[in-house]
**Student:** 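Before I ask anything, here is the structure I am working with.
Heads up: numbering here begins at 1 and tracks the sequence. Counting starts at 1 for both ligands and their atoms, following the listed order.
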Amino acid sequence: MKIVAAKKILKANDQLAAENRALLDAAGVFGVNVVGSPGAGKTTLLEALFAQLKGRLKPAVIEGDIAGSIDAERIERIGVPVVQINTEGACHLDANMIASALKELDLAAIDVLVIENVGNLVCTAGYDLGERLRIVVLSTSEGDDKAHKYPAIFQGAHAMLITKTDLLPHTDFDVERIAADYKRLAPEGEVFQVSAVHGDGVAEAADWLADKCRQSK
Ligand SMILES: Nc1nc2c(ncn2[C@@H]2O[C@H](COP(=O)(O)OP(=O)(O)O)[C@@H](O)[C@H]2O)c(=O)[nH]1
Ligand SMILES: [Mg+2]
C-alpha cells in the first residue's frame, strides 16, 4: 500500500505556488486570492470593484468552481478576461491548477489577477496559489462567529471584506465582534464593510486594492 502524506502534497504545492508567484512578478501582475463561503458575495464584489477600478487597473480573473461556468460568464459579460477552472469535486484550488490557467491568459495585458477560489472556509486556507494578497469575504448573513470557528482562513488573509452590509438591520451580525476576532488572528489585517449591490464601501476597498497593486511594482 502506498500512503502519500498530506505534508508532502502541500510541499509540492508550495513549490508550484512559488513558481506562479515568480511568473506573475516577472510579468508585473499582482495576484489576489479571494476566499469565502459559497454565496458570500465574491463574484458580485468583483463586479463592483472592477466597475470602480475601470481605467485604473487592467484586471483578469480565474474562476474556481466545482462545476459550471456561471461566474466566469458574469465576469466575461463585464469585459474582463477570465479563465474557468472546474475542480470536479475538489473543495479548493491548488497551485497546479493555477499554473495551467495562467497559460491561457495574456499576462502582458493585465496588471491584477484576481482568483475567485471555490466557496469554502476550510480547504482553501491551506493552499498557497502564488498570490501576493489574500482577501476573505464574509457576508453579514453568515454569522459573526466565523473567525472564531474557522481561524486559519482569517489568519491567512490580508483583509476581511464584510459584504452585504445593507442586510445588517435584518441580522444579529455584530461587526465589532468579528472585527475584534479577526484582528486577534491577523493584527495587520484591514477590515472593509461593503454593500456590493448598493455600492457602499466599494470605493474604499477598490482604492486599497489599487494601492496594494501599485506598491508591489
Ligand atoms: N443584499 C445583498 N446581496 C448581495 C450582495 N452581494 C451579493 N449579494 C447576493 O448574494 C448572492 C450570492 O452572490 P455571489 O456574488 O454569487 O456570491 P459568491 O458565491 O460568493 O460568488 C447573490 O444573490 C447576490 O445578488 C450585497 O452586497 N447585498
Ligand atoms: Mg462566485
**Student:** Among Val114, Ile62, Val80, Val83, find the one that has a side-chain contact (heavy atoms from CB on, under 4.5 Å) with Ile75.
**Tutor:**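 Among the candidates, only Val80 passes.
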
**Student:** So how far is it from Leu121 CG to Leu138 CG, rounded to the nearest 0.5 Å?
**Tutor:**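 One gets 7.0 Å once the value is rounded to the nearest 0.5 Å.
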
**Student:** Got a donor-acceptor contact below 3.5 angstrom from the Arg134 side chain to the Ile153 backbone?
**Tutor:**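 Checking the backbone N and O of Ile153 against the side chain of Arg134, no donor-acceptor pair under 3.5 Å is found.
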
**Student:** Would you say the side-chain atoms of Thr124 and Asn117 include a donor-acceptor pair closer than 3.5 Å?
**Tutor:**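 Their side chains do not contain a donor-acceptor pair, so the 3.5 Å distance test is not met.
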
**Student:** Using a strict cut-off of 4.0 Å, indicate which atoms of ligand 1 neighbour a heavy atom of Ser195.
**Tutor:**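 Answer, ordered by atom number: 27 (O).
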
**Student:** Looking only at distances, please establish whether an N/O atom of ligand 1 is found under 3.5 Å from an N/O atom of Leu45.
**Tutor:**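 No, there is no polar N/O contact under 3.5 Å.
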
**Student:** Any salt bridge between Asp128 and Arg21, counting N to O under 4.0 Å?
**Tutor:**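 Yes, Asp128 and Arg21 are salt-bridged.
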
**Student:** If you measure every N/O of Ala196 against every N/O of ligand 1, is any gap under 3.5 Å?
**Tutor:**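 Yes - when backbone and side-chain N and O of Ala196 are compared with those of ligand 1, one distance drops under 3.5 Å.
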
**Student:** Which residue and atom name correspond to the protein heavy atom nearest atom 16 (O) of ligand 1, and how close is it?
**Tutor:**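 Its nearest protein heavy-atom neighbour is Arg74 NH1, 3.0 Å.
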
**Student:** Where is the nearest protein heavy atom to atom 1 (N) of ligand 1: which residue, which atom, and how far?
**Tutor:**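 Answer for atom 1 (N) of ligand 1: Asp166 OD2, 2.8 Å.
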
**Student:** I'd like to know whether Lys11 forms a salt bridge (Lys or Arg N to Asp or Glu O under 4.0 Å) with Asp14, so could you lay out the CA-CA distance, the side-chain angles of the two residues, the decisive distance to 0.1 Å, and finally the verdict.
**Tutor:** CA-CA 5 Å; Lys11 209 170 153 202; Asp14 283 350; over 6 Å; no

**Student:** Phe173 and Val136: same hydrophobic cluster, using ILVMFWY side-chain contacts below 4.5 Å?
**Tutor:**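 They do share one cluster, since a chain of ILVMFWY contacts under 4.5 Å joins Phe173 to Val136.
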
**Student:** Could a heavy atom of Gly36 be found less than 4.0 Å from some atom of ligand 1?
**Tutor:**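 No, Gly36 has no heavy atom closer than 4.0 Å to ligand 1.
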
**Student:** Which atoms from ligand 1 have a heavy atom of Thr43 less than 4.0 Å away?
**Tutor:**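 Counting atoms of ligand 1 from 1, those under 4.0 Å from Thr43 are 15 (O), 21 (O).
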
**Student:** If hydrophobic clusters are built from ILVMFWY residues whose side chains come within less than 4.5 Å, do Trp208 and Ile162 share one?
**Tutor:**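 As far as the 4.5 Å side-chain criterion goes, Ile162 and Trp208 are not connected within one cluster.
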
**Student:** Among the N, O or S atoms that Glu116 has, which is closest to the Mg ion (ligand 2)?
**Tutor:**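 This residue's closest N, O or S atom turns out to be OE2.
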
**Student:** Decide whether an N or O pair under 3.5 Å exists between Thr163 and ligand 1.
**Tutor:**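 In this structure, Thr163 places no N or O atom under 3.5 Å from an N or O of ligand 1.
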
**Student:** In this structure, does ligand 1 have an atom that sits under 4.0 Å from one of the heavy atoms of Glu47?
**Tutor:**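 Under 4.0 Å: no for Glu47.
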
**Student:** Which of these passes side chain to side chain donor-acceptor pair (under 3.5 Å) with Asp207: Lys212, Gln52, Arg56?
**Tutor:**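 Among Lys212, Gln52, Arg56, the one meeting side chain to side chain donor-acceptor pair (under 3.5 Å) with Asp207 is Arg56.
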
**Student:** Any nitrogen or oxygen of Gly39, main chain or side chain, under 3.5 Å from a nitrogen or oxygen of ligand 1?
**Tutor:**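 Among all N and O atoms of Gly39, at least one is under 3.5 Å from an N or O of ligand 1.
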
**Student:** His92 vs Tyr127 aromatic rings, parallel, tilted or perpendicular, using cut-offs 30° and 60°?
**Tutor:**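 Rings of His92 and Tyr127: parallel, under 30°.
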
**Student:** Give, rounded to 10 degrees, the angle between OG1 (Thr43) and OD2 (Asp71) as seen from the Mg ion (ligand 2).
**Tutor:**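 It is 90°, given to the nearest 10°.
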
**Student:** Can a non-hydrogen atom of Gly119 be found less than 4.0 Å from any atom of ligand 1?
**Tutor:**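 Flag not set, Gly119 not near ligand 1.
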
**Student:** Given the protein's heavy atoms, is any one of them under 4.0 Å from atom 4 (C) of ligand 1?
**Tutor:**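 Yes, there is one.
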
**Student:** Is the backbone N or O of Ser195 less than 3.5 Å from a side-chain atom of Asp166, with the two atoms forming a donor-acceptor pair by type?
**Tutor:**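 Not at all, since once roles are kept as given, no pair shorter than 3.5 Å links the two residues.
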
**Student:** Does Gly41, backbone or side chain, put an N or O under 3.5 Å from an N or O of ligand 1?
**Tutor:**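 The answer is yes, given that Gly41 and ligand 1 share an N or O pair closer than 3.5 Å.
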
**Student:** Under 4.0 Å and counting heavy atoms only, is there anything from the protein next to atom 23 (O) of ligand 1?
**Tutor:**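 It does not: no protein heavy atom is found less than 4.0 Å away from atom 23 (O) of ligand 1.
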
**Student:** Among all protein heavy atoms in this structure, tell me which lies nearest to atom 15 (O) of ligand 1, with the distance rounded to 0.1 Å.
**Tutor:**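 For atom 15 (O) of ligand 1, the nearest protein heavy atom comes out as Thr44 OG1, 2.5 Å.
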
**Student:** In terms of atom number and element, which parts of ligand 1 are under 4.0 angstrom from non-hydrogen atoms of Leu167?
**Tutor:**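 In order of number, 1 (N).
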
**Student:** In Å, rounded to the nearest 0.5 Å, how long is the span from OG1 of Thr44 to NZ of Lys164?
**Tutor:**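 Spacing of OG1 (Thr44) from NZ (Lys164) equals 7.5 Å.
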
**Student:** Heavy-atom contacts under 4.0 Å between His198 and ligand 1: side chain, backbone, both, or neither?
**Tutor:**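 Neither part.
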
**Student:** Do Gln193 and Thr165 pair up side chain to side chain, a donor and an acceptor below 3.5 Å, judged on atom types alone?
**Tutor:**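 Absent: no donor and acceptor within the cut-off.
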
**Student:** Below 4.0 angstrom from a heavy atom of Glu116, which ligand 1 atoms are there? Numbered from 1 as shown, please.
**Tutor:**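 The list of qualifying atoms is 21 (O).
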
**Student:** Is it the side chain (CB and beyond), the backbone, both or neither of Ser37 that lies under 4.0 Å from ligand 1, heavy atoms counted?
**Tutor:**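 Just the backbone.
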
**Student:** Quick check: does Thr165 get an N/O under 3.5 Å from an N/O on ligand 1?
**Tutor:**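 No, since none of the N or O atoms of Thr165 sits under 3.5 Å from an N or O of ligand 1.
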
**Student:** Specify the protein heavy atom at minimum distance from atom 26 (C) of ligand 1: its residue, its atom name, and the distance to 0.1 Å.
**Tutor:**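 Looking at atom 26 (C) of ligand 1, the protein heavy atom closest to it is Lys164 CG, 3.4 Å.
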
**Student:** Answer with yes or no whether the side chains of Gln84 and Asp65 bring together a donor and an acceptor at under 3.5 Å.
**Tutor:**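 Their side chains do contain a donor-acceptor pair, which is all the 3.5 Å distance test asks for.
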
